[in-house]
2 protein chains.
Amino acid sequence: MGTEVVSSGTLAEMCGCNPAQIRKDLAYFGDFGVRGVGYYVQELLFEIRNILGGDKRWRLGLVGVGNLGCALLKHGRGGDGQYNFVAAFDKKEKRVGLEIAGVCVQPLKAMNRAVEEKQVEIGVIAVKAAWAQEVADMLIRAGICGILNFSFARIESPGHVPVENVDFSAKFDKLCYQIKFKDYC
Amino acid sequence: MGTEVVSSGTLAEMCGCNPAQIRKDLAYFGDFGVRGVGYYVQELLFEIRNILGGDKRWRLGLVGVGNLGCALLKHGRGGDGQYNFVAAFDKKEKRVGLEIAGVCVQPLKAMNRAVEEKQVEIGVIAVKAAWAQEVADMLIRAGICGILNFSFARIESPGHVPVENVDFSAKFDKLCYQIKFKDYC
DNA sequence: TACTGTGAAATATTTCACAGCA
DNA sequence: TGCTGTGAAATATTTCACAGTA
């Protein structure tokens, strides 16, 4: 937004937390701020990018090209180019061969070879809960480094393959609990 | 799964936490367990359902019937019937009038009336980040009780309307941080 | 002067350890 | 005997308060 310097107070307001929280958290990774001044936005962005893995571009493989899968392929993540789908797989015959957002849908049995050839690093699971574990096992066998799970299933993985669950099922419950508890409705 | 009784130890294993954690958390809401025995599964389910708002069925309104919106309409939440879409809105002319999963897509300008008539309680935002705040404001004006936000935007709301963000943008970063940090790849 | 970085204090959460009960 | 519920202890997180500095 053109701002050159930002204070922990401003950031705290934006994040809905205490200024000291911002400072402690940032200081944990290094001394990014300037006393009496604040944080230089460009420098801070650079440092945060660095913490999160620098300019590494990740190669993603999608499993399950339904509505959700398509949404991910098309609008994945802003378009900053950091996360790129390089492969997509689906069990359904009729979807195989489709090209969506520049990615060609392949059958599940092509996974092993494709993961290797296209150097897929992260598996994104967008299949029904019932198939999620099976798909996860396939991805892990194929040599993936991490899994992002959009299904409602909770996935078991050997310790060396981290899994992040995007569990919006629980978010429904959490929201309704808040509404009920605070007598909002 | 047919199990009649379950112990805090078993639940802890399933959740990946300490048994005492399970007991403390449950005891916070009441004495659901039986000493020397464990928790009766049916009773526990009943109590948890109760904590989360009993058998109340929530009426949802979707804004944004793109790929993501469609996915939500079609597979919303298991099919336990607790969360039901009763209305859907979209800005695009060509989507208005479509019927998806039994819900008819209406134009945005119909929101006020529809929210009232169909007693929509929760607004689900599945539009592009750029439109999210505007849509949230419309929903709040229309009298919604809570918002589930699937866009990448962070939504401002007056204190009395709780917002839950399903921010899978950050999940990408978190996963990659883990991979990098633990030197997994 | 206006800000950060940071010890110390205040809170919150998690875990231990054991009394009490089926 | 095998489990829960729960004070007390151990940890972790958050906030305060202020020295240090551009």
Side-chain angles (χ1 to χ4, degrees), chain A residues 1-52 154 156 159 162-165 167 170-171 173-175 177-178 180-182, chain B residues 1-52 154 156 159 162-165 167 170-171 173-175 177-178 180-182:
Chain A
M1 292 161 64
T3 321
E4 289 196 4
V5 181
V6 68
S7 71
S8 58
T10 309
L11 289 171
E13 208 172 325
M14 291 163 116
C15 299
C17 72
N18 187 296
Q21 185 77 78
I22 299 281
R23 296 203 298 277
K24 262 262 155 74
D25 285 0
L26 289 175
Y28 176 81
F29 291 100
D31 289 15
F32 306 147
V34 182
R35 292 183 154 163
V37 179
Y39 300 90
Y40 290 105
V41 174
Q42 287 309 317
E43 197 185 313
L44 187 57
L45 278 173
F46 173 81
E47 296 292 357
I48 291 175
R49 225 188 317 268
N50 234 253
I51 295 165
L52 294 174
R154 202 147 289 275
E156 294 278 336
V163 178
E164 275 299 314
N165 297 294
D167 186 353
K171 295 276 181 173
D173 291 334
K174 192 174 163 202
L175 178 64
Y177 180 76
Q178 281 181 274
K180 182 202 142 188
F181 191 70
K182 302 201 173 171
Chain B
M1 291 161 64
T3 321
E4 288 195 5
V5 182
V6 69
S7 72
S8 59
T10 309
L11 289 172
E13 208 172 323
M14 292 163 117
C15 298
C17 71
N18 186 297
Q21 185 77 79
I22 299 280
R23 296 203 297 280
K24 261 262 153 75
D25 285 0
L26 289 175
Y28 176 81
F29 291 102
D31 289 15
F32 306 147
V34 183
R35 293 187 149 149
V37 179
Y39 299 89
Y40 290 105
V41 174
Q42 287 310 315
E43 196 185 313
L44 187 56
L45 279 173
F46 173 81
E47 296 292 357
I48 292 175
R49 223 187 319 265
N50 233 253
I51 294 164
L52 294 174
R154 201 148 289 273
E156 293 277 337
V163 178
E164 274 300 316
N165 297 295
D167 186 352
K171 295 275 180 175
D173 291 335
K174 192 175 163 201
L175 179 64
Y177 181 76
Q178 280 181 271
K180 181 201 142 187
F181 191 70
K182 301 199 172 171

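What you see below is based on every heavy atom in this structure, not just the backbone, and it leaves out hydrogens, waters and symmetry mates. We name chains A, B, ... by the order of the sequence lines, and we start the count at 1 in each one.
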>> Testing the basics here: between Lys171(A) and Asn165(B), what is the closest heavy-atom pair and its distance to 0.1 Å?
In response: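 Closest approach of Lys171(A) to Asn165(B): NZ-O, 3.1 Å.
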
> Do you know which two heavy atoms are closest between Leu26(A) and Phe32(A), and how far apart they sit?
Replying inline: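 Scanning both residues, the minimum pair turns out to be O-CE1, 3.8 Å.
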
> Between Arg35(B) and Leu26(A), who's closer to the 5' end of DNA chain C by nearest nucleotide?
Replying inline: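 Its nucleotide being nearer the 5' end, the pick is Leu26(A).
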
> Between Ala27(A) and Gly36(A), which has a closest nucleotide on DNA chain C that is more 5'?
Replying inline: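 Nearest nucleotide further toward 5': that of Gly36(A).
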
Are any of [X]'s side-chain N or O atoms less than 4.0 Å away from OP1 or OP2 of [N]?
X        : N       : answer
Tyr28(B) : dA12(C) : no
Ser7(B)  : dC3(D)  : no
Tyr39(B) : dA22(C) : no

>> Less than 4.5 Å apart, side chain to side chain, heavy atoms only: is that true for Asp167(A) and Arg154(A)?
In response: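 In contact.
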
>> Counting C-beta onward and ignoring hydrogens, is there a side-chain heavy-atom pair between Asp25(A) and Gln21(A) closer than 4.5 Å?
In response: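 Answer yes - side chains close enough.
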
> Mapping Cys17(A) and Val34(B) to their closest nucleotides on DNA chain D, which lands nearer the 5' end?
Replying inline: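 Taking each residue's closest nucleotide, the earlier one in sequence belongs to Val34(B).
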
>> Heavy-atom nearest nucleotide on DNA chain D for Arg23(A) versus Tyr40(A): which residue maps closer to 5'?
In response: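 Comparing both residues, the 5'-ward one is Arg23(A).
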
From [atom1] of [X] over to [atom2] of [N], roughly how many Å is that when rounded to an integer?
X        : N       : atom1 : atom2 : value
Lys24(B) : dG7(D)  : NZ    : P     : 8 Å
Glu47(B) : dT4(D)  : CD    : C1'   : 15 Å
Ile22(B) : dT15(C) : CD1   : C1'   : 13 Å
Asn18(B) : dT6(D)  : CG    : P     : 17 Å
Asp31(A) : dT21(D) : CG    : P     : 12 Å
Gln21(A) : dT6(C)  : CD    : P     : 15 Å
Leu11(A) : dC3(C)  : CG    : C1'   : 13 Å
Asp25(B) : dT6(D)  : CG    : P     : 13 Å

>> By nearest atom, which of the nucleotides dT4(C), dC3(D), dC16(C) is closest to the Ala20(B) side chain?
In response: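 Comparing dT4(C), dC3(D), dC16(C) against the side chain of Ala20(B), the answer is dC16(C).
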
> From Arg49(B) CZ over to Leu44(B) CG, what is the distance, rounded to the nearest 0.5 angstrom?
Replying inline: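 Result: 10.5 Å between the selected atoms.
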
